[in-house]
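Let me begin by presenting the structure, written as structure tokens, before commenting on it.
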Amino acid sequence: MIEGYSHISFDLDGTLVGTRAEYRHQIIPPIIKELGGSCDDPESIDRFWFEIGRSKIIKEEFRIDPEKFWQRFREVDPPVRRAEFTTAYPDVKNALGRLKILGKKISVITGSPASIAKAELEKLGSIEFDHICSIHDEGFREKPAPDGMHDTLKKLGEQASETLYIGNGMEDALFAEAAGCGFIFLNRNEYTFPNSQKLTSIETLHQLFL
């Protein structure tokens with residue numbers, strides 16, 4: 001599946017590392033209550049965590065100002081707290097090591113703040129990425145806008161046609177498409193995405209080498 005690609009790029013949350021579901025259901029409801037919103041459907045918290053259009057979910061389903069929510073969310077979601085609930089998926093270290101042995105460049109492009117990304121990447125041990133991009137900290141437009149990928153390709157001297165992006169959500173698929181890259185949906189079986197069955201998908205990174 002990686003033949004013909006010299007650069008393999010990854011989403012981070014839900015792709016290389018996973019955060020236990022209890023975490024989001026622990027920190028988000030108090031924020032909604034504090035800001036005077038409401039959450040009639042607990043599944044809206046899962047949609048917020050996994051789906052595209054998070055600010056729209058905050059406004060329409062939580063019934064609060066997205067700007068105020070995000071400010072408070074960053075305050076109650078520090079890296080040290082998130083890290084307590086986050087672990088690397090068991091297939092990741094071996095797969096990334098094999099990619100490096102094969103001479104592939106590897107990168108991470110994530111929407112998470114750099115401080116969160118750093119704490120999560122520490123879960124992977126000594127893996128050395130060729131580039132790490134925090135879309136949030138570098139001021140790029142959010143996925144699926146392709147800015148983060150374009151910058152990564154420029155810094156690595158890689159072409160979109162020779163790049164494969166691997167992620168766990170529809171925004172990742174649209175992000176890769178917008179940048180002109182290949183895409184594989186990594187189904188961690190944590191959330192059912194609408195229309196995900198139309199995507200080329202795997203359930204473990206070991207399948208990349210088949």
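Heads up: numbering here begins at 1 and tracks the sequence. No hydrogens, no waters, no symmetry mates; every other heavy atom, side chains included, goes into these values.
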May I ask you to check whether Trp70 and Phe48 place their ring centers less than 6.0 Å from one another?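 For Trp70 and Phe48, the ring centres are under 6.0 Å apart.
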Measure the shortest side-chain to side-chain distance between [X] and [Y] over non-hydrogen atoms and say whether it is less than 4.5 angstrom.
{"X": "Ile135", "Y": "Cys133", "result": "yes"}
{"X": "Glu51", "Y": "Met170", "result": "no"}
{"X": "Thr110", "Y": "Asp13", "result": "yes"}
{"X": "Leu121", "Y": "Ile127", "result": "no"}
{"X": "Phe183", "Y": "Thr200", "result": "no"}
{"X": "Glu61", "Y": "Cys39", "result": "no"}
{"X": "Asp40", "Y": "Arg63", "result": "yes"}

Asp11 vs Asn168, side-chain contact (heavy atoms from CB on, under 4.5 Å): CA-CA, chis, key distance, verdict: CA-CA 7 Å; Asp11 173 52; Asn168 74 312; 3.0 Å; yes
Inter- and intrachain pairs under side chain to side chain donor-acceptor pair (under 3.5 Å), touching residues 130-139, at least two apart: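 Qualifying pairs: Lys100-Asp130.
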Please list, chain by chain and in numerical order, all residues satisfying side-chain hydrogen bond (donor to acceptor under 3.5 Å, both in side chains) with [X], sequence neighbours excluded.
{"X": "Ser196", "value": "none"}
{"X": "Glu3", "value": "none"}
{"X": "Thr163", "value": "His7"}
{"X": "Lys59", "value": "none"}

Check for a donor-acceptor pair, side chain of [X] on one end and backbone N or O of [Y] on the other, with a separation under 3.5 Å.
{"X": "Lys123", "Y": "Ala83", "answer": "yes"}
{"X": "Gln207", "Y": "Thr204", "answer": "yes"}
{"X": "Tyr165", "Y": "Ile109", "answer": "yes"}
{"X": "Lys33", "Y": "Ser38", "answer": "no"}

Under the ring pair (Phe, Tyr, Trp, His ring centres under 6.0 Å) rule, collect the residues that match up with [X], sequence neighbours excluded.
{"X": "Phe85", "value": "Tyr23"}
{"X": "Phe10", "value": "none"}
{"X": "Phe185", "value": "Phe193"}

State whether Arg54 and Glu171 are salt-bridged, where the test is any N-O pair (Lys NZ or Arg NE/NH1/NH2 against Asp/Glu carboxylate O) under 4.0 Å.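 Result for this pair is yes, salt bridge flagged.
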With Arg81 via salt bridge (Lys or Arg N to Asp or Glu O under 4.0 Å) - residues at least two apart: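 Listed in chain order: nothing, the list is empty.
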Of all residues at least two apart in sequence or in a different chain, which pass the salt bridge (Lys or Arg N to Asp or Glu O under 4.0 Å) check with Arg24?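 Applying salt bridge (Lys or Arg N to Asp or Glu O under 4.0 Å) to Arg24 gives Asp46.
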Given Ile116, which of Thr86, Thr19, Asp77 fulfils the side chain to side chain contact (heavy atoms under 4.5 Å, CB included) condition?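 Going through Thr86, Thr19, Asp77 one by one, the side chain to side chain contact (heavy atoms under 4.5 Å, CB included) with Ile116 is satisfied by Asp77 alone.
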Residue pairs passing the salt bridge (Lys or Arg N to Asp or Glu O under 4.0 Å) test where at least one lies in residues 187-204, sequence neighbours excluded: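 Non-adjacent pairs meeting salt bridge (Lys or Arg N to Asp or Glu O under 4.0 Å): Asp91-Arg188.
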When you look at CD of Gln26, are more than 12 heavy atoms from neighbouring residues, nucleotides or ligands closer to it than 6.0 Å?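 More than 12 heavy atoms, drawn from other residues, nucleotides or ligands, come within 6.0 Å of this atom.
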Hey, what else clusters with Leu174 if you join Ile, Leu, Val, Met, Phe, Trp, Tyr whenever side-chain heavy atoms sit under 4.5 Å?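 Besides Leu174, the cluster holds Ile52.
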